[in-house]
J.: 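I have a structure here, written as structure tokens, and I will follow up with some questions on it.
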Number of protein chains: 2
Amino acid sequence: MFEKYVRLLKESQIKITPQRLEILKYLDEHRTHPTVEKIYSELKENNPALSKTTVYNSVDILLNHGLIQSITISGSELRYDFKRGMHHHFLCKKCGEIIDINVECPKLGSMLECGHEVVEVHGYFKGICKKCINKKKEKN
Amino acid sequence: MFEKYVRLLKESQIKITPQRLEILKYLDEHRTHPTVEKIYSELKENNPALSKTTVYNSVDILLNHGLIQSITISGSELRYDFKRGMHHHFLCKKCGEIIDINVECPKLGSMLECGHEVVEVHGYFKGICKKCINKKKEKN
DNA sequence: AATAATTTAGTAATTATTACAAATGTGGTT
DNA sequence: AACCACATTTGTAATAATTACTAAATTATT
């Protein structure tokens, strides 16, 4: 059930707690780029004692050890995403959904040679998503 | 002095007010990606009556008309940037500075053909900037 | 099982942003 | 130039997201 996450935490030398396991598992199984609020309210259902502070603390430590990444696309709040291969994000301004975009930029290498030490790369696109475009068409 | 900004506001059919002119001018002349707080405290020096709400309102309307863009790279607060050719941003995790990165991704066109209607494109890089790397070297 | 250090929960404090209403300023008209 | 309808500015209050802090509980180790 949790072996995968126990292993990930051990590899990163992070102390194992049920809360961290649940949060990491939640992010792995829900690639919806949730906010702290969302993670908190979802996990609180099975663990009513859960504290929001714990969610903040946990995502912080998972983030610092590179097990998850933070997404700043929406401006008003941070969102989190289980770390896997590089991908970008599209924010629909109509429905608010954040959709994964899988592309690789061939120029990326040269971008990285700017003299700065680049650790993170984020591509954010914004506009109207496919679904919302189709909804609009149906109405007409 | 303000002709350029008067023209820009007129073209966008935004009502001209001294506050909007000052804010637009400030963003044009200070490409430092300032926060609302920064814009407010800087402009308050010459206009003590300035209200922070006005800065929020003004950047909102300038944003909605495409005269400026918002940057969500730092997560905790929105930053603003006078609109010009496309460029990306690098956030130094040490000194917090946000540096412009001028690159064009040749794959961008194909990225845009994902079925979604793409309106905005943002590239965010994070790491340690040139200056901070050199500072570290000097210490050793 | 005992221990030392870390983490959790819960509340309070802080920061960024939005909501609101009265006072003022804008652009167009006479 | 004065008038007017409407939009904007101020200033304060409210909300939302995050951080600070401390006692109680839990973790990994002895």
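Proteins come first, then strands; the chains are lettered A, B, ... in the order of their sequence lines, and each starts at number 1.
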J.: Could you write nucleotides 25-30 of chain D as a row of B, S and -, 5' to 3', where a protein heavy atom under 4.0 Å of any base atom gives B, of only sugar-phosphate atoms gives S, and otherwise -?
T.: --SS--
J.: Heavy atom of residues 26-52 of chain A under 4.0 Å from DNA chain D: which residues?
T.: none
J.: Nearest to the side chain of A:T53, heavy atoms from C-beta on, is which of D:dA17, C:dG10, C:dA19?
T.: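 Shortest atom-to-atom distance from the side chain points to C:dG10.
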J.: Enter the distance from A:Y5:OH to A:L21:CG here, rounded to the nearest 0.5 Å.
T.: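 It comes to 10.0 Å.
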J.: Does atom CD of B:Q13 have more than 12 heavy-atom neighbours, drawn from other residues, nucleotides or ligands, at distances under 6.0 Å?
T.: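 No - once you tally the heavy atoms of other residues, nucleotides and ligands closer than 6.0 Å, there are 12 at most.
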J.: Take atom NZ in A:K44; do more than 12 heavy atoms of anything else shown fall under 6.0 Å from it?
T.: yes
J.: For DNA chain D, which residues of residues 1-9 of chain A approach it to below 4.0 angstrom with any heavy atom?
T.: none
J.: What nucleotide, of D:dT9, C:dT17, C:dT8, holds the atom closest to the side chain of B:L78?
T.: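 Ranking D:dT9, C:dT17, C:dT8 by closest atom to the B:L78 side chain puts C:dT17 first.
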J.: Count the heavy atoms of every other residue, nucleotide or ligand shown that sit under 6.0 Å from NZ of A:K131, and state whether that count exceeds 12.
T.: no
J.: Before giving the answer on side chain to side chain contact (heavy atoms under 4.5 Å, CB included), spell out for B:D100 and B:H33 the whole-Å C-alpha distance, their side-chain angles and the decisive distance to 0.1 Å.
T.: CA-CA 9 Å; B:D100 288 340; B:H33 322 97; 2.8 Å; yes
J.: Would you say NZ of B:K83 has more than 12 non-hydrogen atoms from neighbouring residues, nucleotides or ligands within 6.0 angstrom?
T.: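 Atom NZ in B:K83 is crowded, with more than 12 foreign heavy atoms closer than 6.0 Å.
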J.: Hey, does A:N47 have a side-chain heavy atom less than 4.5 Å from the side chain of A:E22?
T.: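 Sidechains of A:N47 and A:E22: no contact.
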J.: Does the side chain of A:Y80 come within less than 4.5 Å of A:V55's, by heavy atoms?
T.: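 The answer is no, as the side chains (C-beta and beyond) never meet within the 4.5 Å cut-off.
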J.: Hey, does A:P34 have a side-chain heavy atom less than 4.5 Å from the side chain of A:Y26?
T.: yes
J.: Are A:L67 and A:V59 linked, directly or through intermediate hydrophobic residues, by side-chain heavy-atom contacts shorter than 4.5 Å (ILVMFWY only)?
T.: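 A:V59 and A:L67: one cluster.
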